[in-house]
Amino acid sequence: MTTPTTNILLVGVGGQGIILASEIISETALRSGLDAKKSEVHGMSQRGGVVSSHVRFGPVVHSPLIEEGRADVILSFEILESLRWLNFLAPAGAVLANTQKIVPPIAAAGLTTYLADPAAELTARVPGAVLVPADAIARELGNTRLVNSVMLGVLSTMTPLAEDAWRAVVAEFVPAKARDANLAAFERGRALRAR
Amino acid sequence: MTKKLLSGDEAIARGAWEYGVRFASAYPGTPSTEILEAVAQYREIEAQWSTNEKVAFEIAMGASIGGARTLVAMKHVGVNVAADPLMTFAYTGVNGGFILVSADDPSMHSSQNEQDNRRFAAFARIPMLEPSDSAEAKDFVGAALEISETFDSPVMLRITTRTAHGKSVAVLGERQEHALRNPGKIDREKFVMLPMYARRRRVVIAEREQRLAQFAEETPLNRIEPGDRRVGFVTSGGAYAYVKEVWPGASFLKLGLTNPIPAGMIRRFAASVDRLIVVEELDPYLEEQIRILGLPVEGKSIFPAIGELTPDIVRACLAKAGLLEAAAAPTHAAVDGLTPRPPAMCPGCPHLGMYLALGKLRDATITGDIGCYTLGALPPVNALDTCICMGASIGTAVGIQKARGDGKNIVAVIGDSTFLHSGITGLLDAIYNKSTITIIISNNGITAMTGGQEHAASGHNLRGEPTYSVDLVALCKGLGVEHVFAADPTDHKAFSQLVKRETQADHLSVIVSSQPCVLYPQKVKRGKYAVDAEICIGCGACRKSACPALLKSDQKTAKGHFKTVIDGELCTGCGLCASVCPVSAIQPVAKGV
């Protein structure tokens with residue numbers, strides 16, 4: 001991360017909790033004493049469409065949008081979606097991708113084709129891409145909605161933001177009754193990278 | 001000092017609270033919806049969803065005339081609906097400070113056009129403020145209320161999708177109470193716009209514009225940021241952040257007040273730089289006015305007039321103009337040819353049953369309206385022939401009958417919230433002028449597309465308190481429609497027969513098609529359905545509904561047809577597919593399984 005501003009592009013499919021995840025990252029940056037901006041578009045995209053959220057933090061942030069070729073991290077909540085946004089990746093940027101496949105109805109109906117092996121495509125293009133079995137971990141922990149916190153756990157090992165701030169914000173932003181499960185999922189994500 | 005990440009919409013709501021707003025109203029519309037949702041948290045502000053933007057504006061106007069600081073919020077096209085009171089309220093001026101928030105949608109992320117509402121402020125001759133981020137959005141609410149009361153004018157606060165939905169840091173303050181202004185008698189010569197009084201007000205407005213032009217030169221809302229003298233950028237709103245990002249060292253004239261523009265300040269700034277360049281989204285609104293000042297200025301010769309700007313576009317355009325080095329090409333390319341993910345209606349969405357029945361009509365003309373059901377224009381439903389603006393489905397269908405001479409097979413599809421917004425007057429016209437079309441009100445009990453807002457037939461208000469709920473069937477009958485039917489779109493056979501019969505009939509009919517939205521006000525929880533693969537004959541009749549929970553099975557019939565399987569995680573238990581199945585292969589899943 002050579003620039004003073006850190007750029008994180010979150011991508012995935014409407015309904016995956018991407019907006020909440022981007023709020024958690026931005027808030028963690030704010031509590032780490034940094035300026036932060038984030039941007040995404042709500043509305044029609046929420047109905048199962050493609051979702052992207054731009055998060056930027058640093059001493060002073062002007063634009064809420066990341067430029068092409070400048071994302072330090074692409075945090076992809078769905079494996080195919082990581083491929084759609086690779087033009088945003090900085091030369092030395094990292095891709096963290098949930099290996100889960102979400103096949104849209106039009107592909108299920110045979111009107112379009114869902115790429116056969118998006119994970120292979122990703123590692124061919126970005127050899128250092130981190131494949132995260134977040135969906136499997138979330139199921140193991142008993143709730144598919146924990147994908148979010150697993151991915152944030154992995155991300156937290158790669159940013160300059162304080163570990164304690166991450167935990168505090170995750171605990172505060174997730175629904176109260178799912179707090180412990182989310183914190184556990186966050187730690188599982190962290191452990192993946194520590195290995 | 002509390003710092004908080006707020007969206008522009010939340011910041012405007014916070015600003016309304018801090019600067020003493022007492023009343024706020026809106027009709028939901030992306031990207032403005034979250035303003036009133038955030039205002040609703042503040043008990044000191046009386047806040048409400050209104051039936052449409054014109055009514056929201058008029059009630060807010062009344063609150064201002066009554067002496068309260070007031071805010072009304074709407075999306076850009078909502079201002080078209082509210083334009084009638086706006087254009088004359090601009091003449092009368094206010095009593096309590098009055099803000100109209102116009103949330104524009106460059107690039108049409110969730111809209112039918114990308115009109116530049118800065119033109120409305122100039123058209124109505126009212127002051128306009130454009131914040132660049134959430135901190136400004138909050139502060140500008142205070143500035144706008146001061147300007148409104150000082151200059152006796154409604155004020156437009158214009159934001160765009162990026163400033164509305166983007167989050168940035170704002171410093172929170174406390175609420176300042178503002179007592180009602182002049183709560184006694186209403187000044188009739190100011191507020192009764194008979195021609196004789198309106199003519200006088202027209203002169204007052206011209207004087208107001210002159211005073212505002214002077215104010216524009218002095219206000220800290222506009223500022224010069226001196227820098228590299230080779231280029232001076234005149235910019236405002238979200239565009240400022242993008243230019244600042246790609247060329248932080250340039251000279252800037254950052255305009256917070258964009259109607260009227262500060263002519264003197266612009267002249268001084270122009271004299272201090274080699275090239276004067278306007279960076280603005282959509283129309284050459286500032287550029288044209290600066291050109292009229294006689295200054296050499298560039299803008300749309302460099303930047304696009306269509307769609308929103310991004311830092312990428314700003315950099316590329318400046319590079320093309322020879323002003324900035326081009327960005328290095330990205331080292332990675334996006335993968336082409338990936339399956340798109342067009343927005344789709346939800347599993348169990350009640351609109352699906354309606355469209356399944358409409359899909360069986362031959363040669364039907366179907367006019368659509370604004371809501372989730374507009375997605376019925378896309379594959380695989382492919383049902384709608386038109387969608388123009390809120391409430392237009394009914395008038396458009398009536399007009400098509402006028403052109404063709406026959407109302408058979410002409411259907412207007414409109415949602416409950418949209419019908420209440422501006423469909424009722426269209427229906428009344430259809431009755432009055434003896435139309436014989438068929439109107440389907442797809443009634444899911446909520447304003448769904450914008451995220452589940454209450455309305456006059458949902459039984460609750462903005463704060464979720466129970467209130468009167470209009471009966472749509474009784475309403476249509478009361479207007480004078482003889483053939484009104486309450487129907488269930490998940491009961492396919494009966495619904496389909498009704499639609500077929502009414503579209504062939506020689507009279508006007510209204511079908512109120514009712515089933516709750518599966519998402520709002522809360523996710524529906526019903527028993528799920530499953531397919532018995534032994535019985536399924538692979539006819540695919542159920543899958544024609546386009547319900548995302550219905551998938552092709554791996555199993556084929558002897559004739560090679562794919563059987564259907566239901567995705568148990570997606571199924572919301574509406575039962576539409578079971579009612580379609582010719583062999584009763586789809587049954588409720590027994591409890592406990």
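The figures here come from the full heavy-atom set of this structure, side chains too, leaving out hydrogens, waters and symmetry mates. The chains referred to below are lettered A, B, ... by the order of the sequence lines, with proteins before strands, and numbering in each begins at 1.
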So, do [X] and [Y] sit near enough that their side-chain heavy atoms are less than 4.5 Å apart?
X        : Y        : answer
A/Val126 : B/His332 : yes
A/Pro64  : B/Tyr242 : yes
A/Arg125 : B/Val335 : yes
B/Leu5   : A/Glu23  : no

Is [X] atom [atom1] crowded by more than 12 heavy atoms from other residues, nucleotides or ligands, each under 6.0 Å away?
X        : atom1 : value
B/Lys552 : NZ    : yes
A/Lys101 : NZ    : yes
A/Arg167 : CZ    : yes

Practice problem: Starting from the C-alpha separation in whole Å, work towards a yes-or-no answer on side-chain contact (heavy atoms from CB on, under 4.5 Å) for B/Val246 and A/Glu67. | Solution: CA-CA 10 Å; B/Val246 305; A/Glu67 290 180 70; 3.9 Å; yes

The interface call for B/Asp336 against chain A, heavy-atom contacts under 4.5 Å, is neither

Whatever's closer than 4.5 Å to a heavy atom in chain A on B/Arg543 counts as neither

Would you please test B/Glu245 and A/Arg56 for salt bridge (Lys or Arg N to Asp or Glu O under 4.0 Å) and show each step?
-> CA-CA 12 Å; B/Glu245 179 75 28; A/Arg56 309 188 71 219; 2.9 Å; yes

So OG of A/Ser63 and CZ of B/Arg315: to nearest 0.5 Å the spacing works out to 10.0 Å

Separation between OG (A/Ser39) and CG (B/Asp133), nearest 0.5 Å, reads 12.5 Å

Checked B/Pro311, B/Ser168, B/Pro330, B/Gly166 vs chain A; the most non-hydrogen pairs under 4.5 Å come from B/Pro311

Please state whether the side chain, the backbone, both or neither of [X] comes within less than 4.5 Å of a heavy atom of chain B.
X        : answer
A/Leu83  : both
A/Thr113 : backbone
A/Leu65  : both
A/Leu80  : both
A/Ile102 : both

Smallest separation among heavy atoms of [X] and [Y], with atom names:
X        : Y        : answer
B/Pro340 : A/Thr112 : CD-CG2, 3.9 Å
A/Ala36  : B/Val169 : O-CG2, 3.9 Å
A/Leu86  : B/Ala333 : CB-O, 3.5 Å

Between A/Arg84 (side chain only) and B/Thr339 (backbone N and O only), is there a donor and an acceptor less than 3.5 Å apart? yes

**OP:** For the pair A/Ile106 and B/Arg341, evaluate side-chain contact (heavy atoms from CB on, under 4.5 Å) and give the outcome as yes or no after the intermediate values.
**Re:** CA-CA 8 Å; A/Ile106 59 164; B/Arg341 296 180 188 272; over 6 Å; no

N-O pairing of A/Glu27 and B/Lys167 below 4.0 Å: no

Margin query: Looking at A/Arg139 and B/Glu569, is there a salt bridge between them, counting it only when a charged N and a carboxylate O are closer than 4.0 Å?
Written below: yes

Counting heavy-atom pairs under 4.5 Å with chain B, the top scorer among A/Pro91, A/Gly69, A/Pro105 is A/Pro91

